[in-house]
Amino acid sequence: MKRRVLSLILVPFLLFYAHPVGAAEKEERMWQDESIYFLMVDRFNNGDPSNDKNVNANDPLSYQGGDFQGIINRLDYIQEMGFTAIWLTPIFENQPGGYHGYWTTDYYKTEEHFGSMETFKNLVEEAHKRDMKIILDFVVNHVGPEHPWVTDPSKADWFHEKQTMNFEDEDSVKNAWLYDLPDLNTENPEVKEYLIDAAKWWIKETDIDGYRLDTVKHVPKEFWKDFTKEVKAEKDDFYLLGEVFDTDPEKIAEYNGVGIDGFVNVPQAEEMRQVFKKPDTSMDRLFNFWGYNQTFYENPYLMGTFIDNHDMKRFTRLMVEEKEFPGTRWKLALTYMYTTPGIPILYYGSEIAVDGGEDPDNRRLMNFRADKELIDYITRLGELRKTQPALTRGEIEKVYENDGMGIYKRTYKDQTLLIAINNTTETQTIDLTEDQLEADQELKSLLTTDLVRSDGEGTYKIVLDREEAEIYELKSKSGLNIPFLVALGIVYVLFMVFLYVVKKRGKKKKHQKE
């Protein structure tokens, strides 16, 4: 009897906490849904001391000990922040001192400091078990100065003649030796075949999911057309991310049509760094990049959006130079990067606001004993990208901007998200009208507990503290759930009737005993 009474008491509470579950249609995963963690293998994590040869932690130009096993040991760390893909700097055998991987000496061997081929295959396998993809950095423009081909007379025509790079001359850009690195003659059919075969071999041998293509503008378009066609034929949905290091979108767009899916968006990154390194900076020019991206690139949703990388000062350094607090600045920049079209790419250490100047200072050894506040924020942004399709697939529209206070919305099917970023030194109050947002709705924050309802005139009053950001979902106004309240009332009536019957029966039995 007691158990039956307890069950009835619990029913209303179970009804109260039960939420209706919508049968959301699961859409096919696409590359624009991914978020990428970019790491330099040698500078990330040391998991196997046995390959620590000539390691010198005090010399920024020497090996620091990072390896494949170290990445395997930290896969959960990367996954828990919400990342779905990892981009690795080149892993091929390098000449002595090539800790960064860009001085290749053998395209078919792994660098011994990083580990064996078996360990790398294990890394790919473990990443795939976690539903994460692996992207390798692949260099076809040049090799290391100590590559055996350089001194092989039979390979003399495998290289362009050594000459100083003139960035104003197209022939020089394609043929000169970048940073005095032997420039491969990719017009030579033997060179082209070798490089394409090597790229295909790594896909077949290790099941990787993509390549980041280094120094794209230093290689003829004709080569890329053949390379991309053959490489993509090896694996369905294989992603190619190109690097055309130029701040002019038109220069990057010159490589449309060669088969590369997207490019690291250098022009947008430079503008993001300028806008978010200090407050009270207008976001108007940054908003203009949406138009540039749609105008110049084949698929702007496949562009790689980033804030810093291994070729530029750390974003944290820019903030330090402005005497700003990095954590606050990083949150605003990351909110923008994660909520605008493109594939976000986070450079290792950015999640703990690592500082660093020019190369090699921007390639410091990773520290895993730092404050988790920024990591937690990135984790939340990563969750939202996975659960809110408007962030990865939606249209984007500017709603408001005034000297650093910016608001924009993302719409996809029946979902509307509103992103507000207060990049100013004062609290901002903005009234949005029904011309900007659908009236008689409410804005529910996906980052905090904030809730903004439209008033009788259809106006939404958004109040945002200085240097704060919010992501809202536009939803129907929540109110009294009449069907639920009716059901709850019926339960309580039945419960009271039950108690009355139990009490009456108890009195009757007592009377019979007497």
Side-chain angles (χ1 to χ4, degrees), residues 34-45 60 64 66 70-71 74-89 100 132 135 137 212 241 243 264-266 268-278 286 303-322 324-340 342-385 421 423 467 469:
E34 311 293 347
S35 53
I36 300 172
Y37 189 81
F38 167 41
L39 60 86
M40 180 163 279
V41 180
D42 176 63
R43 302 301 164 93
F44 186 61
N45 188 40
Q64 305 284 302
I71 301 171
R74 293 290 181 173
L75 283 176
D76 291 339
Y77 165 82
I78 298 172
Q79 182 190 36
E80 287 166 5
M81 283 189 286
F83 293 101
T84 58
I86 303 173
W87 157 20
L88 312 179
T89 45
H100 42 67
M132 300 171 72
I135 301 169
D137 215 316
R212 180 268 192 180
L241 176 67
E243 181 226 24
V264 286
N265 200 333
V266 178
Q268 182 170 300
E270 291 289 358
E271 188 63 26
M272 288 172 66
R273 288 159 68 87
Q274 292 304 310
V275 167
F276 293 116
K277 71 179 181 180
K278 61 181 180 180
L286 187 55
M303 295 292 286
T305 57
F306 69 103
I307 299 170
D308 58 2
N309 65 20
H310 57 324
D311 291 324
M312 51 177 58
K313 280 184 182 180
R314 289 274 189 172
F315 183 45
T316 297
R317 174 57 60 89
L318 301 186
M319 293 179 267
V320 170
E321 291 172 348
E322 296 289 342
E324 297 290 338
F325 177 63
T328 300
R329 305 273 84 219
W330 263 112
K331 286 181 180 179
L332 299 185
L334 287 166
T335 301
Y336 184 88
M337 183 175 76
Y338 269 79
T339 60
T340 51
I343 304 172
I345 302 172
L346 190 78
Y347 185 38
Y348 83 98
S350 296
E351 71 270 26
I352 56 173
V354 165
D355 187 16
E358 300 288 354
D359 168 18
D361 191 40
N362 56 358
R363 304 171 177 184
R364 299 181 186 180
L365 189 63
M366 178 62 182
N367 176 12
F368 294 95
R369 297 185 299 276
D371 191 332
K372 279 194 63 182
E373 182 181 353
L374 194 52
I375 291 176
D376 291 340
Y377 193 78
I378 291 169
T379 300
R380 182 60 184 144
L381 292 175
E383 290 172 356
L384 292 179
R385 272 188 61 86
I421 299 177
N423 187 31
E467 299 179 84

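Along the sequence shown, residues carry numbers from 1.
- For the atom pair Phe276 CZ and Leu286 CG, the distance stands at 5.5 Å (nearest 0.5 Å).
- A heavy-atom distance below 4.5 Å is found between the side chains of Leu75 and Ile86.
- With hydrogens and angles ignored, the 3.5 Å screen pairs a side-chain donor or acceptor of Arg385 with a backbone N or O of Glu34.
- Rounding to the nearest 0.5 Å gives a distance of 14.5 Å between OH of Tyr348 and CZ of Arg74.
- Glu373 CD: 12 or fewer foreign heavy atoms inside a 6.0 Å radius.
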Inset, instruction - Take Val41 and Ile71, measure what side-chain contact (heavy atoms from CB on, under 4.5 Å) needs, and give me the verdict at the end. - result: CA-CA 8 Å; Val41 180; Ile71 301 171; 4.2 Å; yes
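- Rounded to the nearest 0.5 Å, atoms OH (Tyr347) and CZ (Phe315) are 15.5 Å apart.
- Taking CE of Met303 as the start and CD1 of Ile345 as the end, the distance is 9.5 Å to the nearest 0.5 Å.
- Counting heavy atoms from C-beta outward, Ile343 and Ile36 have side chains that approach closer than 4.5 Å.
- The heavy-atom pair separating Phe83 from Ser35 by the smallest distance is CA-OG, 3.6 Å.
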Legend entry - Stepwise side-chain contact (heavy atoms from CB on, under 4.5 Å) test for Asp311 and Glu243: CA-CA 11 Å; Asp311 291 324; Glu243 181 226 24; 3.9 Å; yes
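- Among the candidates Asp376, Ile378, Leu334, Thr379, the single residue satisfying the side chain to side chain contact (heavy atoms under 4.5 Å, CB included) test with Glu351 is Ile378.
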Inset, instruction - Step by step, work out the side-chain contact (heavy atoms from CB on, under 4.5 Å) result for Thr305 and Tyr338. - result: CA-CA 9 Å; Thr305 57; Tyr338 269 79; over 6 Å; no
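- Arg212 and Ile135 make their closest contact through N-CG2, 3.6 Å (heavy atoms, listed as atom of the first residue, atom of the second, distance).
- A salt bridge links Arg317 with Asp361: the distance from a Lys NZ or Arg NE/NH1/NH2 to an Asp or Glu carboxylate oxygen falls below 4.0 Å.
- For the pair Asp308 and Leu318, the minimum side-chain heavy-atom distance is 4.5 Å or more.
- The pair Lys277-Glu324 fails the salt-bridge criterion, with no side-chain N (NZ, NE, NH1 or NH2) lying under 4.0 Å from an Asp/Glu carboxylate O.
- Looking at every heavy atom in both residues, Asn367 comes nearest to Ile352 through O-CD1, 2.9 Å.
- Taking both residues in full, the closest heavy atoms of Thr89 and Met40 are given as OG1-CA, 3.4 Å, listed atom of the first, atom of the second, then distance.
- Annotation: the span from Tyr336 atom OH to Gln268 atom CD amounts to 5.0 Å, rounded to 0.5 Å.
- Between Arg329 and Glu467, at least one side-chain nitrogen of the basic residue sits less than 4.0 Å from a carboxylate oxygen of the acidic one, meeting the salt-bridge criterion.
- With contacts defined as side-chain heavy-atom distances shorter than 4.5 Å, the pair Leu241/Val264 qualifies.
- Here the closest heavy-atom approach between residue Val320 and residue Pro326 is recorded as CG2-CG, 4.5 Å.
- Annotation: side chain of Arg273 is in contact with side chain of Lys313 (closest heavy-atom distance under 4.5 Å).
- In this structure, the side chain of Asn423 does not engage the main chain of Leu332 through any donor-acceptor pair within 3.5 Å.
- Here the CD1-CD distance, from Ile375 to Glu80, works out to 10.0 Å after rounding to the nearest 0.5 Å.
- A 4.5 Å side-chain heavy-atom check between Thr335 and Tyr377 finds at least one atom pair inside the cut-off.
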Legend entry - Verdict with reasoning, Phe368 to Phe44, per ring-ring contact (aromatic ring centres under 6.0 Å, His included): CA-CA 10 Å; Phe368 294 95; Phe44 186 61; 5.4 Å; yes
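- The side chain to side chain contact (heavy atoms under 4.5 Å, CB included) test with Arg363 is passed by exactly one of His310, Arg314, Gln64: His310.
- Leu365 approaches Asp42 most closely through the heavy-atom pair CD1-O, 4.2 Å.
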